[in-house]
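Below: the structure, in structure tokens.
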Amino acid sequence: MDPECARLLPALCAVLADPRQPVADDTCLEKLLDWFKAVTEAGSSLLLLQEHPCLVELLFHVLKPQDLSSRILSFALRLAGIFAAQENCFQFLQQGELLPGLFGEPGPLGAAAWAAPSVRSGWIQGLHSLAQHPSALRFLADSGAVDTIFSLQGDPSLFVASAAGQLLVRVLDLALRGPAEGRVCPQAWDWPACARKVVCHLEDCLRSEATPRVTQALHVLTTTFGHCRGLWTQGLWARLSPLVARLLEKDPVPAPHALVDLLLGVARSPVLSSDPGLWETAAQALSRLSPTQAGPLAAGILKLQDCPQALRIQAFSILLQPLAHVLEATAQAPGTPRLLEGAAGDLMAVDTFPPSRSACVGLLCSALAHLELLQPLPQRPSPWPQAPLLAAVVTILRFCNGSAAPSSEAGGRLCAMLVGCVRVQRAALDFLGVLSQGLGPQELVTQVFAILLEYLVSPDSSPTVLKKAFQATLRWLLSSATPPGCCDLEPYAQLVLGELLAVLQKRLCSPCWEVRDSGLEFLTQMTRHWGGQGSFRQALLGSEVPELTRQLLQDPESYVRASAVAAVGQLSSWGLLTAPSSPEHPAVPQTPLEELLLVLTTDSEGFPRRAVMRVFTEWLRDGYADVAEDPEQSVAPVLRAASRDLDWEVRVQGLELALVFLEQLLGPRGPSTAAPPGALTQALQALCRVQLFEFAFRSLFDCDRPVAQKSCDLLLFLKAKATPSGSQQEVGDGPNVASVEAALRRWQAGEQGQPLGELAPEAVLAVLRSMDLEALRDTLAESSDHVERSPQSLLQDMLATVGVLGDNEADCY
Amino acid sequence: LKLYRKRHPTLPCNVLKFKSTTIMLDCGLDMTSTLNFLPLPLVQSPRLSNLPGWSLKDGNAFLDKELKECSGHVFVDSVPEFCLPETELIDLSTVDVILISNYHCMMALPYITEHTGFMGTVYATEPTVQIGRLLMEELVNFIERVPKAQSASLWKNKDIQRRCYTMQEVNSLVGYSQKIELFGAVQVTPLSSGYALGSSNWIIQSHYEKVSYVSGSSLLTTHPQPMDQASLKNSDVLILTGLTQIPTANPDSMVGEFCSNLALTVRNGGNVLVPCYPSGVIYDLLECLYQYIDSAGLSSIPFYFISPVANSSLEFSQIFAEWLCHNKQTKVYLPEPPFPHAELIQTNKLKHYPSIHGDFSNDFRQPCVVFTGHPSLRFGDVVHFMELWGKSSLNTVIFTEPDFSYLEALAPYQPLAMKCIYCPIDTRLNFIQVSKLLKEVQPLHVVCPEQYTQPPPAQSHRMDLMVDCQPPAMSYRRAEVLALPFKRRYEKIEIMPELADSLVPMEIKPGISLATVSAVLHTKDNKHVLQPPPRPAQPTGGKKRKRASDDIPDCKVLKPLLSGSIPVDQFVQTLEKHGFSDIKVEDTAKGHIVLLQEAETLIQIEEDSTHIICDDDEVLRVRLRDLVLKFLQKF
């Protein structure tokens, strides 16, 4: 602890102990605890207490009957726990009877303060910190704290109840880790009394008829097996697993979600997953739980790296069942793919769908979401039923838009439940997009595109559904390139393209801005992939889409304008944007470059301007013809506009553009050597002409840190290119340099007014050399509150708020 | 209580017989028959006049003057005619009142009021009447301004269709929640239905029965006052008509579709034609466009609204503030016009004209958007625009009114190059909303047209597209008489205060008191009143003048009424106390027989009667009677 903190500590303790002095807020106390924790972790707690008796006094003070606030009481309990985590300090506090006073019957346990949840929570957290050594275990057993923890498991405050459960896990770990260390499978009779007590409690809970008690026990066990990897967990599981299995025999199964969590926790534990009984229990759970409850378990099992094949098959069939049911519910010609064959398929005779709409929708959505997550995993079930899954998703989407023809009464009910359901539509479209990773029979692919087009065309598709439909369509278009990886569209996709563009045309005119936005995003993506491809270019140029896109640069919604900027950028980089048809108005910008520059200089919102900067950067990087013709001429106005922009992201992107420009002049970034002197001079002259340095130097002192950092990076890059190691170039300190440095100092002091004026490359280099950019970078890398975050500052602030430091001079901002 | 079903469900015309009153519910005019006629062009159309005549397969051409063929469809070349309401099912002169629920459902009114001997009253709200009148005026104007030389008659074998009517009168205006007494028998009340300006549902109730008539209602937030659902609660019967005609089309989506297609066409330099009625959805469309045109960069595009009643319709909408939704009502207090089309007119973005002749031809600028009637495309200015713009694929016709099949409407214009977009905007209740409404309102019985109780024929799997309620709705078909599923059991009778004062109720069971009353039942205007009986006439001393009280029936002095039951055991004990012996009791199916063998007398005690049978011994009978009466209460 530094001397200044040590000096302030007694005053602070006095403030904390004084009920008349209100403490600023809980966050101060939390920070204080963090600090004490850091201090005790770095050194001896006992020493700390001995050097600062005010701390012990504070703890003793809390014991006195008085009107202390619950937050101070809670703080003291937690603080005592932190100190007592070290066994010698624990002994020290124990000698003073401090710990029984705080955590035992005479303490807040029996007092009125116990009614405050924060006090109960502090009590638990104090014990949690304290439970680190054998002495603590004895203390817990002797003080009767364990019984209190049991009762706190059912506390009305969820935080308290949850912390109580975690404390039990800690107690178990502490009790069993020590004696059983190293043994293969410790037996119950070896366990300390404290552990036996906890385990008996858990057994009682598991046998209980009251579901909340069962849930509590399952939560404790889940945390135990999830966090503790000791061999003793094997013994515990062996003892408790029969009780868990017995829960599955009850009807209905109590606490199904907690049970699933426990089984998955055990299955993931490297110590326990070798137990064959576990897989039997899991199989039993899969068959006993309702499809909705079993879904997460099945998905969890399928994600495991190593588990019996039979169980995987069973789990997969659980996830497939709702989809199989959907397939069965529609008129299927014989020979169409079935999702579940054999015994699992026969199960489908039973109506697996819950009768209520919300439950049915929930089941379908969760099945779709689980399958979506499984699809890309290497351990996904094999063979993966790609074709029937495709058929099922298409059918679900048809049910949702009312175009599916159900073949049974159950199908009719399903149809009525799913019609117009946006949740299912979204889940199904997401899954359909993921399914594009696999192949499917041509007939099904045709159906996929047909249903996607239906959704894109339908006026009833909600904006979010439409967005997902666009995304799924793009994925399918990408996957249908022939051969895979080739950028040409296959003939069928080319046919779809015509219809897509017609839809897109209409969607770009939608009164709903979200729809216009997703339409533009889709267009940008499509152009990015197929902008160079003949049939796409032909179809696009034959439609109104490019012209509409250009018009959307004036959209009233800024997000749409931003997307339109991106789309215009992409279209024009492929030469797909025809010149506007108004040659009679010379004021109207003629080239996309001019159009985007106009957006950059006039748009009142940040998003479109940021988008413009991204487009310019991309154009410059990719050598877009209009820019590549004369990069300096193109970049100069953009940098000028960006340097004056009020949006810091635009300024950062302006510097990024400058960096790309620099790279093109001087070669790429990296540990490469310096640029040849001739090229360097030319480059510096060009940079001076585009007034990059004024922008970069000003940005160094930008009030937004990312701008300053970017600028620092840029100048460092330039410095590296300009001054190769070991060869200092001769540059004189002219008056120009002095004036630049003077300007920089003024800027650093916060004055922004003075322009630099014309700069000579030599002066720039001289300034660059004289500046300690590395140090500046390091300073910028530290967070802005690194000064204010020190413990000393914390103590001062806390004292200042209660006026102990005299003048209220806290620097609040 | 009977319901006579007359027309199709969205243009209802039902007759309800309830408590001796005959109430016609709505009087819609089915105009779909006009689709069989050739359009009436405002300007001579060589295409239409040169259409070939139609001849029978056997070459008989006797109809070729009347029937013309266009792209495989046959049309009547005559003044359009309409399907009349059924007149054979019921004598329309016996209809007491007609209740109108919205201005679309009163278009057949003149046929009833002018041709059937109808003498009753028509009730409707003021906006309904005013806008209904505008619709009728427009219809008559459309047809009368294009006089057709011929009126075809050979083509039809039965005169079920009539030519359009001339102008007429509608009477009796009402306000929402205003209670109207019909002959004292029933009370009718209009409630806001949320569908159109002044549109209403009706409650028809007596003291003990309540029938709700729900027709053309909407739960969406559009311009009219929101639907009053609460007042529909506790109905014995709820008659449900006028649901959306396009249950699969969501009005919001359709408005989006409308705007997108409109913008797309205009941006490409094409014109947009919107065939529509002069009132209703057009107000909402103009409001949407008001918000949309600036954002879509369409500010410079002119919007034209052409109708003989365009001006009146736009102005009426602004003055019926009390019939508008809350938001629009509050604007009036600012003060601002409730509808933004006032601003569109002010800024010259929206211009309205009575017809294409006159000013319009001077102002006409393309590309533009034209709203005009009639949605059937058979008459009105729309015919002209169809002829004018139909040849170019740049133009678009957007159908927003759901009343006509757009394919049939377009048939006489084929082949057609212009784009056709179908965005039916029907804000009336869909089946999901109906389910919610019925759950909320909980009527004992629901009665609705048969079409609503099964999925649409084209989508037989859509079980969600039908009325779903418990108990299942009773359905009726066209021209069917349906006995409504409840019987009237009570009638309210008032007691005059002085008569009530004289009553002395006796409590015969806890909570139930009885009193006898002797009075004169006076019935007038279906109201029943018990008045005190006239005093017994004083002897008038031989004067032979006819007394006034001769008209009043004689009031005999009534014997007291008896109640209670006779416990047989106690009765026998009483008989024994009074010296009767040799008593035998026999149980019968209905009660007991007490035999006094010695006196050769038989007392038959049953639930609702007691008989004493003895041989001419009046003294004994009276003694026994008095003993029996001791066990009974008298009042």
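The analysis underlying the following values was restricted to heavy atoms, covering all of them including side chains, and did not include hydrogens, waters or symmetry mates. On a predicted model such as this, the values are computed, not experimentally measured, just so you know. Throughout, protein chains are lettered first and strands after them, A, B, ... in sequence-line order, and every chain is numbered starting at 1.
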Exercise. Who wins among A:Pro511, A:Pro556, A:Gly411 for the most heavy-atom pairs under 4.5 Å with chain B?
Worked result: A:Pro511
For this session: Mind ranking A:Ala404, A:Ser403, A:Ser461 by heavy-atom pairs under 4.5 Å with chain B and telling me who comes out on top?
Result: A:Ala404
Give me the atom names and distance for the closest heavy-atom approach of [X] to [Y].
{"X": "A:Leu508", "Y": "B:Arg267", "value": "O-NH1, 4.4 Å"}
{"X": "A:Cys509", "Y": "B:Ala263", "value": "CB-CB, 4.0 Å"}
{"X": "B:Arg462", "Y": "A:Asn401", "value": "NH1-O, 4.3 Å"}

For this session: Test side chain to side chain contact (heavy atoms under 4.5 Å, CB included) on A:Asp460 and B:Thr248 and set out the steps.
Result: CA-CA 9 Å; A:Asp460 286 330; B:Thr248 49; 5.7 Å; no
For this session: Determine whether more than 12 heavy atoms belonging to other residues, nucleotides or ligands lie under 6.0 Å from atom CD1 of B:Ile432.
Result: no
Exercise. Can you tell me if CD on B:Glu336 sees more than 12 non-hydrogen neighbours from other groups inside 6.0 Å?
Worked result: yes
Exercise. Using a cut-off of under 4.5 Å for heavy-atom pairs, which of B:Asn250, B:Val255, B:Asp252 has the most such pairs with chain A?
Worked result: B:Asn250
Exercise. OH/B:Tyr292 to SG/A:Cys512 distance, rounded to the nearest 0.5 angstrom?
Worked result: 11.0 Å
For this session: Kindly compute the distance separating CG (B:Asn268) from CD (A:Gln505), expressed to the nearest 0.5 Å.
Result: 6.5 Å
For this session: Would you please go through residues 557-572 of chain A and name the residues with a non-hydrogen atom below 4.5 Å from one of chain B, in numerical order?
Result: none
Problem set entry | chain B contact via A:Glu544 - side chain, backbone, both or neither, heavy atoms under 4.5 Å | side chain
Exercise. Checking A:Cys415 against chain B: side chain, backbone, both or neither under 4.5 Å from a heavy atom?
Worked result: side chain
Exercise. Is there a donor-acceptor contact under 3.5 Å from the side chain of B:His461 to the main chain of A:Ser407?
Worked result: no
